[in-house]
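For ligands, and for the atoms within them, numbers begin at 1 and follow the listed sequence.
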Amino acid sequence: MKNVLMKCLMALWVAAGLVSCASGAKEDATEKKIDDLLRQMTLEEKIGQMNQLQGVGYNEDMVSQIREGGVGSILNDLNPDTINMLQRVAVEETRLGIPLVFARDVIHGFKTIFPIPLGQAAGWNVDLVEQGARIAAYEATSVGIRWTFAPMIDVSRDPRWGRIAESCGEDTYLNAVMGAAMIRGFQGESLSDPRSMAACAKHFAAYGASESGKDYNTTNIPERLLRDVYLPPFKAAVDAGAATFMCSFNDIDGVPSSGNKWLNIDVLRQEWGYDGMLVSDWGSIEQMIPHHFCSDLKDAAHKAAIAGVDMDMMGFAYITHLKSLVEEGVVKESVIDEAVRNILRLKFRLGLFDNPYVAVVDTLPFYQPASLEVAQRVAAESAILLKNNNVLPLKSFNRVAVVGPLADAPKDQVGTWCFDAEPEHCVTPMQAIKERYGNKVVAVPGLTYSRDTNKQGIAQAVAAARSADVVLFFAGEESLLTGEAHCRADLTLPGAQTEMLKALKATGKPVVMIVMTGRPMVITEEVELADAVIYSFHAGTMAGPGLADVIFGDVVPSGKLPATLPLMTGQVPVYYAHKNTGRPAADMILIDDIPVGAAQSSLGFTSFHLDAGDSPLFPFGYGLSYTTFDYSPVTLSAAEMTVDGTIEATCTITNTGKYDADEVIQFYIGDKVASVARPVKELKGFKKLHIESGESVTVAFDITAEQLAFTRLDMTRGTEPGEFDVWIASDSRGGEPVTFVLK
Ligand code: NOJ
């Protein structure tokens, strides 16, 4: 099926004349053209290229600014006619005819919306993620958008942070792999293909570590942690050819990223050899003033320019102050030239000098059947089965009650960061289930939105439940409670949803809870109450049909958690790749079991919370199926390896249940002793395989020195000899390790 869909899409692209050719490292011919242009540009024209403005349609002020060479890029204009009109001013009415590049946040789809990135990561299907990004590019470029501000590859270990929705979760490797897939999808085989968009790896860097999960907050990350956990997805983005990077809003140890020369120049440019373009975040140059890092806008322009920020997104710092900073000798013109080089290189790579305009067509390629099919499949694959007391899949029933505030909430199911989504094109779970089962369905929301505390409607939902054989309770969060600046200190279900679940449960009917949300939530009590639980991160346009496929067994669930589900909010941050501590949890006595008046020392001295213990509700990588899988012990091709060799870890996985199904096979390594304490284990690979009922497959993962490398005590990156543990398992808690020695 996957191949058929891809072939369909490819056929469409080829039919549209979208034959790709490779883009890549700096090309001499392009560099020469950039030099030629730079030689002709005035200082004002150079600074104009570094200025990105918010689109306001075809507006006279904007037009004259473009005509004077004062604008390099526009974000958020979406009308192809306006885009072409503005482009015509840039190309035909400016002295040097340098085209503009039009940008937009196309994060998880443009019109056809795919699950939020956290949900896409939950599907662990790299090919599908790439296809989703390709479809997004296909739709967005049709109106003239050639630059998207995605993927967001901030490792996110704090579900209070609203933007965890936009990330691929808590793991470094998963963010790296999924981010690279999105980059390949957005950029296609060639950036100069008019159906390709420049990707933007963001937010550089460590924004996901905002203290207390509160947006824009400070981060305190030692360089080793930064290099080992937060930076690798960005290095992978460079390797995948990401055309642009974006600065993060946060400071790291007191230095805001838009003023961080070490990060933007020493690491990104010099260590990694990046030759793409670095844009600030919205106003992030100017915001170095409230950060207490810059005295005024001029100081901010100075610090950002010398820190290697090429383009100022809506900060007006460069356009207002760079000229005088150069004339005063504070900023060298060579700094400006370097930034402009990076901007012009992007425009050449996008083919904008040869093909600046968007072809205006009568029928835009939105919501094509093949695209919707991919969206439905991603929605189904990203659903995670957390619990199942033999209720699912639903096969025979006379009546099903569809209740809960998320059952028919099209705007919420698309999730955060999709300004261009059209709720009328969304198929909700209620619609999808009614379409399948018509008059067998009784639908009553009970609560009208997730925060609703008005319990009057619950009685009707309970009556519906009583009249049915089984209850589908669609709970969760409105999309509004997630995303940028939408952080929560309490991760439990909002409103009266838990009370509603209790009332449904009291009917004695089996209750399936489907959580539709933008973050890992605390659903400890609800998991206990429900007979089955499916966890779905806001799953986009086709959330309804995708979830229905899983509920009724057309698709066997295969999603796995891309981030740990906490047992209590106070455990946060809680993640699998933690350090062991000197006193790992042992012999825990939890709060309810402590005798009154017990001696202070009677509870032991190990690392756990008295009220939450040491385990989350569900670990990273967790997810059930309708079938069962048996994992054999792991075998290694050798017990020892050298730094220039590899060994192979193998495991045989048998589908011991009744359903053919996909399984995400996860490969973890843990370094037992090192010059600095290492995480207990880290994901180093995974494979998603289809295994038929009764079938056994043997899966092999290569172990290489690169997987064992880390930032050592002396801050160099490399390996250290010693013992390592290896797991091949179905989640981060499973499996028995085997050990090998690196010589
Ligand atoms: C601010 C956000 O942090 C960033 O992710 C986004 O791309 C820009 N605004 C542009 O909308």
Side-chain angles (χ1 to χ4, degrees), residues 51-56 71-78 100-110 116-118 133 136-137 140 145-156 158 161-168 175 179 182-183 186 197-210 213-219 230 233-234 237 242-252 256-258 260 276-288 290-291 304 309-317 346 415-421 479-480 482-487 518:
N51 187 28
Q52 185 182 50
L53 294 182
Q54 159 87 333
V56 284
V71 185
S73 171
I74 292 176
L75 74 160
N76 296 339
D77 249 329
L78 286 181
L100 297 161
V101 52
F102 291 87
R104 179 74 164 169
D105 288 280
V106 181
I107 308 293
H108 50 111
F110 182 59
I116 56 172
L118 192 59
I145 302 303
R146 296 296 309 281
W147 179 16
T148 178
F149 300 128
M152 185 183 114
I153 44 178
D154 296 316
V155 170
S156 307
D158 195 328
W161 191 49
R163 300 198 82 169
I164 193 171
E166 290 173 65
S167 80
C168 292
N175 271 283
M182 290 179 194
I183 291 164
F186 289 135
M197 294 192 286
C200 184
K202 71 185 191 186
H203 305 83
F204 198 56
Y207 185 29
S210 296
K214 194 176 67 170
D215 213 354
Y216 317 120
N217 208 357
T218 188
T219 71
Y230 293 93
F234 289 96
T244 71
F245 264 52
M246 184 188 290
C247 300
S248 60
F249 283 125
N250 57 289
D251 72 274
I252 301 174
S257 299
S258 301
N260 194 332
M277 198 260 269
L278 176 65
V279 65
S280 77
D281 201 340
W282 183 290
S284 67
I285 296 180
E286 179 202 359
Q287 288 154 24
M288 291 197 289
H291 260 295
V309 181
D310 300 324
M311 189 177 273
D312 177 0
M313 182 197 290
M314 284 303 285
F316 306 100
L346 172 70
T416 187
W417 270 118
C418 35
F419 301 125
D420 304 301
S479 60
L480 182 73
T482 74
E484 184 176 349
H486 296 130
C487 304

> Using a 4.0 angstrom limit on heavy atoms, which residues are close to ligand 1?
Replying inline: Asp105, Phe149, Arg163, Lys202, His203, Met246, Phe249, Asp281, Trp282, Met313, Trp417, Glu484

> Looking only at heavy atoms, which two atoms of Val106 and Ala140 are closest? And how far apart?
Replying inline: CG2-CB, 3.9 Å

> With a 4.5 Å limit on heavy-atom distance, are the side chains of Trp161 and Asp154 in contact?
Replying inline: yes

> Is the shortest heavy-atom distance from the side chain of Met311 to the side chain of Leu278 under 4.5 Å?
Replying inline: no

> According to the interplanar angle, ranging from 0 to 90°, do the rings of Tyr216 and Tyr207 count as parallel (below 30°), tilted (30 to 60°) or perpendicular (above 60°)?
Replying inline: parallel

>> Any heavy-atom pair between the side chains of Ile153 and Cys168 that's under 4.5 Å?
In response: no

>> Are Ile74 and Gln52 packed together at the side-chain level, in the sense that at least one heavy-atom pair is separated by less than 4.5 angstrom?
In response: no

